[in-house]
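Below, chain A is the first sequence line, B the second, and so on; all start at residue 1. Quantities reported herein were computed from a predicted structural model and do not represent experimental measurements. No hydrogens, no waters, no symmetry mates; every other heavy atom, side chains included, goes into these values.
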Amino acid sequence: MLRMSTLFLRTLRDDPADAEVPSHRLLVRAGYIRRIAAGIYSWLPLGVITLRNIENVVRQEMDSAGFQEVHFPAMLPRDPYEQTNRWTEYGPDLFRLQDRKGTDYLLGPTHEEMFTLMVKGEYSSYKDLPLALYQIQTKYRDEARPRSGIIRGREFVMKDSYSFDLTDEGLVESYQRHRAAYIKTFDRLGMKYNIVSAVAGAMGGSSSEEFLAPCPTGEDTYVLCPKCGYAANVEAMTTKVAAVDPSGIGALEVFDSPNTPTIDSLVELLNSKFGGGYTGASTLKNVMLMADDVAISVLVPGDREVDIKRLQANMPGVNEIRVFEEPDFAKFPGLVKGYIGPQDAKKNGITVYADPRIAPGTSWVTGANAREKHALNVVNGRDFEVDHYIEAAQIREGDSCPTCDTAVVIDRAIEIGHIFQLGRKYADALNLTVLDQNGKSQVVTMGSYGIGVSRAVAAIAEQTHDEIGLSWPVEVAPAKVHVVVAGKDDSLFEAAEKISADLEGRGISVMLDDRRGTSPGVKFKDAELIGIPMIVVVGKALEQGNVEVRVRKSGEKSEIAVGSAVDEIAKTLASLK
RNA sequence: CGGGGCGUAGCGUAGUGGCUAGCGCGCCUGCUUUGGGAGCAGGAGAUCGGGAGUUCGAAUCUCCCCGCCCCGACCA
């Protein structure tokens, strides 16, 4: 039982000046966490209990799915990360340190290497597979910009698991088992979430999905189809555009277009010169970019920007994409700034990438590669060639769902889980092999699965709080019932003690506000701020032999006879789950 | 890393060159009070982020450094 008379807790009346998002503000005010440095937080008793509750739900669901818990150090030697090249690849986000002898260590940002090596050390037969291991560990990433309190910290708690299979089919099965376990986990945690397609990114691998908890303060943007349920991270959204027959389109025509370096100015000229009906979407924008020092041209409709983040996500192996600068243009004298068209790309030695919206056979207005000249009826496949199609244009609300053509909606969310099929990248690099039925050595294939445990504290707070405070789901709350003594009479304290003890006796955890000399108003405000799902007030109603029972989330209040209070509370609590 | 804001007691803040750095919350003592962040009285608590400089005099002006928050870049 938590007793507020002795609990190490001080709630704050004012919002902390350095907290903006609701979860951060309320977790600090209600005394769950305190900031130590940018992106680094301490956990006070209420916070620790809440974090542990989430951890335990995660642990139970992993165990019941048949995954086995192990534990690695947070401080790791350099060598394994050198073998997979991540000592270098991970860059400045990796916390590095040295021991007294000058030997390099790192604080683990994720543990693929260690798990791979652990399995390598114990197993060597196909008969041992499949295998899935997990840990709940503190991770360290020196984020360029930690933000939003506990949502993106530099130290955070993560559950990471890894599956090991002999075959690709086995990997798919392991992946599905994790997916199912994640669904059970997040359901129990009382979270709203969407499972969305993601881009596997630099980690490689074929299939990847994210569990996103929708909330306005989230930093991930995703699309959702209201009709068929298609959901994807904007980076992974695909565009379906059919090829068209260009045979009716007239020949390419170059025309004078003085002072039209922008799409807007071009559209205006088109409409005055050739009649109305032209919009930005009629034009073809040529964006020149450097992809790891290779010059590429990216084609998107004129009314859309290139989404560099999306583009990069769809160009695995490319580390940096940046826009063309003056010195780059100087190297390609064939490019006339503001009047670039794809017609001469080959001649200029430029690789042409096109968004799928630039479908084969479509006709465009674009630059004529000459100062103050544009071209009309420029047809893909006839007047220019596309080297690669790639998702590059920014996504908008109302874009077509790739599976059912319905207009999609765009929403923001916090990433709380990520599952993906890694494949053999780490097993190859670290030589994790087993012997198959024929005695032949086979490289193991892996999956990797993460849940942001400390982030889930914030995500749940974001999704469940209201204007007056936190409001936890039953599974994660630091106690299930908050018993408030409202008054100074000893009989009130005695009755509250008894109800609390009875609840605890039934396995229902209680926080008892047994502070003497604290006014009822203060206790009510604290209870609402702290967010325990049920509040029981032992106060003036006791004269009639009653206590008042409140449901934090709905605000529902009722008076119940003391004798049946424990039964009623247990019943209501069960209905809240 | 680019842009913006900020740093005064545990928390929130006032204070643009001049008296002992002010107020609210919280904390301590006493009395009163107890159903919505109580009242009165008395108290403790501050190297004004750090350093250097300008000045008779610096929380306040100048320079350097450190830290924090927000937007963006970045984020297996």
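- For the pair A/Q312 CD and B/A73 C1', the interatomic distance rounds to 11 Å; values are reported in whole Å.
- Aromatic ring pairs are classed by plane angle as parallel below 30°, tilted from 30° to 60° and perpendicular above 60°; the pair A/F67 and A/H178 is parallel.
- Rounded to an integer number of Å, the gap from CD of A/E210 to P of B/C75 is 13 Å.
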Let's test your reading of the pairing rules: Watson-Crick or G-U wobble, both distances under 3.5 Å, then write RNA chain B as a dot-bracket string with ( ), [ ], | and dots. ((((((((.[[[[.)..(...]]]].((((((.....)))))).....[[[[[..)....]]]]])))))))....

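- Across B/U34, B/G36, B/C75, the shortest atom-to-atom separation from the side chain of A/K488 is found for B/U34.
- Distances were taken from every side-chain heavy atom of A/P520 (C-beta onward) to each of B/C75, B/U34, B/G24; the shortest belongs to B/U34.
- Closest contact between the side chain of A/V522 and the listed nucleotides B/C75, B/A38, B/G36 involves B/A38.
- A/R455 has its CZ atom 9 Å from the C1' atom of B/C75, to the nearest Å.
- For A/R152, counting side-chain heavy atoms from C-beta on, the closest listed nucleotide (B/G36, B/U34, B/C75) is B/C75.
- Taking OG1 of A/T6 as the reference point, atom CZ of A/R515 lies at 11.0 Å (rounded to 0.5 Å).
- Ring orientation note: the planes of A/F186 and A/Y193 are tilted relative to one another, at an angle of 30° to 60°.
- Out of B/C74, B/G35, B/C11, the shortest distance to the side chain of A/A486 is found at B/G35.
- Looking at heavy-atom distances under 4.0 Å, A/E415 makes no contact with the nucleic acid at all.
- When heavy atoms are screened at a 4.0 angstrom cut-off, A/A541 is found touching base atoms of the nucleic acid.
- Rounded to whole Å, atom C1' of B/C1 lies 13 Å from atom CG of A/D142.
- At a threshold of 4.0 angstrom between heavy atoms, the contacts of A/E548 include nucleobase atoms, whether or not backbone atoms are also involved.
- Taking the P atom of each, B/G3 and B/C65 are spaced 15 Å apart, rounded to whole Å.
- The heavy-atom pair separating A/V483 from A/S500 by the smallest distance is CG2-OG, 3.6 Å.
- In this structure, the nucleotide among B/G35, B/A38, B/C74 sitting nearest to the side chain of A/K309 is B/C74.
- Nucleotides B/G50 and B/G2 are separated by 26 Å at their P atoms, to the nearest Å.
- Across B/A73 and B/G26, the matching P atoms stand 43 Å from one another, rounded to whole Å.
- The CZ-P distance, from A/R10 to B/C11, rounds to 14 Å in whole Å.
- When the options A/D160, A/I54, A/T185, A/I136 are evaluated for a side chain to side chain contact (heavy atoms under 4.5 Å, CB included) with A/I451, the one that passes is A/T185.
- Without hydrogens or angle criteria, A/R29 side chain to A/L12 main chain gives a donor-acceptor distance under 3.5 Å.
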Once each nucleotide of nucleotides 65-72 of chain B is scored for protein heavy atoms under 4.0 Å, what B/S/- sequence comes out, 5' to 3'? ---SSBBB

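- A/R550 comes within 4.0 angstrom of a base, heavy atoms only.
- Nucleic acid contact class of A/G539 (heavy atoms, under 4.0 Å, all strands): base.
- With RNA chain B read from its 5' end, the first of the two nearest nucleotides for A/K540 and A/D15 is the one closest to A/D15.
- Rounded to the nearest Å, the gap between the P atom of B/G45 and that of B/A21 is 13 Å.
- Atom CG in A/L542 sits roughly 14 Å away from atom P in B/G35 (whole-Å rounding).
- Counting any heavy atom pair closer than 4.0 Å across all strands shown, A/K523 reaches no nucleic acid atom.
- As judged by a 4.0 angstrom heavy-atom cut-off over every strand, A/D526 is placed among the base-contacting residues.
- The main-chain N or O of A/D220 is never found under 3.5 Å from a side-chain atom of A/R412 such that the two would form a donor-acceptor pair.
- In this entry the distance linking CG of A/L44 with P of B/G10 reads 16 Å, nearest Å.
- For the P atom pair drawn from B/G51 and B/C66, the interatomic distance equals 15 Å after rounding to whole Å.
- Under a 4.0 Å N-O distance rule, the pair A/D466/A/R552 qualifies as a salt bridge.
- At whole-Å resolution of the value, CG in A/D14 and P in B/C23 are 17 Å apart.
- Checked by atom type, the side-chain pair A/S174/A/D165 shows a donor-acceptor distance below 3.5 Å.
- Separating the C1' atom of B/G35 from that of B/C31 is a span of 23 Å, rounded to the nearest Å.
- Nucleotides B/A58 and B/G17 are separated by 7 Å at their C1' atoms, to the nearest Å.
- Checking A/H24 against A/Y41 by side-chain atom types alone, a donor-acceptor pair falls below 3.5 Å.
- Not one N or O on the side chain of A/K488 forms a donor-acceptor pair closer than 3.5 Å with the backbone of A/G517.
- Mapping A/G517 and A/E219 onto RNA chain B by nearest heavy atom places A/G517 closer to the 5' end of the strand.
- The same atom, P, is picked in B/G10 and in B/C28; the two are 16 Å apart, to the nearest Å.
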As a quick check of understanding, evaluate side chain to side chain contact (heavy atoms under 4.5 Å, CB included) for A/I410 and A/Y222, giving each step before the final call. CA-CA 6 Å; A/I410 292 190; A/Y222 72 105; over 6 Å; no

